[in-house]
Protein chains: 2
Amino acid sequence: MPVRAKAATTTLGYALLGLLAREERSGYELTHALKNPVGYFWFAQHSQVYPELARLETAGLVAYTLVEQSDRPDKKVYRLTDAGRAALRAWLNDATEPPRKRDELVLKAYSIWLADPTAAAQMMREHAQTHLAHLAEFQSGLSRLEQEAGETLWQPESPWFGVHAVLRRGIGYEREYSDWCEWLAQCLEGTQEAAR
Amino acid sequence: MPVRAKAATTTLGYALLGLLAREERSGYELTHALKNPVGYFWFAQHSQVYPELARLETAGLVAYTLVEQSDRPDKKVYRLTDAGRAALRAWLNDATEPPRKRDELVLKAYSIWLADPTAAAQMMREHAQTHLAHLAEFQSGLSRLEQEAGETLWQPESPWFGVHAVLRRGIGYEREYSDWCEWLAQCLEGTQEAAR
DNA sequence: CCACATTATGTTAGTTATGACATATGTTTA
DNA sequence: TAAACATATGTCATAACTAACATAATGTGG
């Protein structure tokens, strides 16, 4: 059974290492990569990314090369060191706590009996739409991945496999979320017979 | 379209108000209530609850009565004020951002191509079990609710309806999560033909 | 009888995360 | 021509959150 060892960095640090394990990137690029699809399950703003990169560098887990640019501001391109790769691998073996979720909409659902049912139903319908839109994004991401990666997206040693796994999670999550919103909307409208 | 108004308190504050809208509770009881089922989507420790209650009291959203006990330490029993109920209702109409998820296991999945597939598969199987256990808890919670609440759990004006909604979300979430873990484990073991 | 758990309420130090401020260059759009 | 946008890297004040410290009464099990 894996044991939770003393961490070499924060979880955000491992997120950055996981990105750099695939290719070299600047802080700016890492910040943008912390959107779709990884960032959909771990996110940060540049104000967190830059200091974290500095810490990772001090810890010897990443190194950077200053790239001078004439047309744009210069940038620091970071890469994973051997120590960084080892730390990332070690983290994968550590025990992981199930996520502690904080979801304001579910919290509102708990008090929804105090709200106007018609307005609440409309609100839930809007959220259903939002999550359907996210679902569509993930699904088209998976389609693109199938084009790009082919069979390698099923091979556990391939970096594409990691993207595949995250996209699958996103697809399941968004589908379930949107179904729940829709179910709740129907209950609120009193057309819940169909939903039972 | 609902607009995000200036908040009267933090989200944790609304969680506490939502609990107090149902019945009077002490800080200690609120902390424990911030487990199943509400707390499964919003949690806090007592070190956050007590100061937040003090702030809510200063803001006039809750009031308390000191209950002296001989066999146990005295306690402060908090109740919702009219202003508190109004603030809670107003919050329900505010726009809600979709939750920004932070899930370390999904983050690990992104880098899982660097791990030993056999060990990783075992890890995912353990997580599948954890989420199946949570699923069972939610399902038995729903069964108990059906006994207690009867038809009222389908009525949008009933406090039970809020519990019902949260439990439904929990059931869907945990089922989906556990399915994903299982799917990923099969992929890692190379028995993914069944999973495609 | 000692250790531990439960009830009960707080504080404090530290970490993590957010939103705004700050600066600089070049390109595109209205 | 002015404004907005993209690239690029940082800082800072505050807010939110965690883990540990602190206290105190009673009940329970070994």
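Numbered from 1 within each chain, the chains take letters A, B, ... in sequence-line order.
Distances shorter than 4.0 Å separate some side-chain N or O of B:Tyr50 from OP1 or OP2 on C:dT9. Listed pair A:Thr10 / C:dT16 fails the phosphate criterion, with no side-chain N or O lying under 4.0 Å from OP1 or OP2. Between A:Tyr28 and the phosphate of D:dT7, there is a side-chain N or O to OP1/OP2 separation shorter than 4.0 Å. For A:Arg102, a side-chain nitrogen or oxygen approaches OP1 or OP2 of D:dC17 to under 4.0 Å.
For A:Pro73, counting side-chain heavy atoms from C-beta on, the closest listed nucleotide (C:dT16, C:dA24, C:dT9) is C:dA24. Listed nucleotides D:dT9, C:dG19, C:dT7 differ in distance to B:Arg100; the shortest reach to its side chain belongs to C:dG19. Side-chain proximity of A:Gln69 to D:dT11, D:dA8, C:dA17: nearest is D:dA8. Distances from the side chain of B:Lys75 to the nucleotides C:dT9, C:dT16, C:dA20 place C:dT9 closest. Here the nucleotide nearest the side chain of A:Gln45, chosen from D:dT18, C:dT18, C:dA8, is C:dT18. Taking only side-chain atoms of B:Ser47, from C-beta outward, the nucleotide of D:dA8, C:dT18, C:dT12 with the closest atom is C:dT12.
The CD-C1' distance, from A:Gln48 to C:dT18, rounds to 8 Å in whole Å. For A:Glu29 and D:dT9, the CD to C1' distance is 13 Å, given to the nearest whole Å. One atom, CZ of A:Arg55, and another, P of D:dT9, lie 17 Å apart when rounded to the nearest Å. Residue B:Asp74 contributes atom CG, which lies 11 Å from atom P of D:dT26 at whole-angstrom precision. In this structure, B:Leu53 atom CG and C:dG10 atom P are separated by 8 Å, rounded to whole Å. Here the C1' atom of nucleotide C:dA8 and the CG atom of B:Leu66 are 11 Å apart, to the nearest Å. Following rounding to the nearest Å, B:Glu57 (CD) and C:dT9 (C1') show an atom-to-atom distance of 14 Å.
Toward the 5′ end of DNA chain C lies the nearest nucleotide of A:Trp42, the other residue of the pair A:Trp42 and A:Arg72 mapping further downstream. Heavy-atom nearest nucleotides on DNA chain C were determined for A:Ser70 and for A:Ala44, and the one closer to the 5' end corresponds to A:Ala44.
Taking both residues in full, the closest heavy atoms of A:Leu105 and B:Thr96 are given as N-CG2, 3.8 Å, listed atom of the first, atom of the second, then distance.
Taking the centre and axis of the six-membered ring of A:Tyr64, the NZ or CZ atom of A:Arg79 falls outside the cone set by 45° and 6.0 Å. Annotation: cation-pi pair A:Arg169/B:Tyr173 present, NZ/CZ under 6.0 Å from the ring centroid and within 45° of its normal.
Here the side chains of A:Phe161 and B:Ile112 are in contact, with some heavy-atom distance below 4.5 Å.
The residues B:Glu189 and B:Arg125 are annotated as salt-bridged, a charged nitrogen and a carboxylate oxygen being separated by less than 4.0 angstrom.
Contact annotation for B:Phe43: backbone-only contact, meaning every heavy-atom pair under 4.0 Å involves sugar-phosphate atoms and none involves a base.
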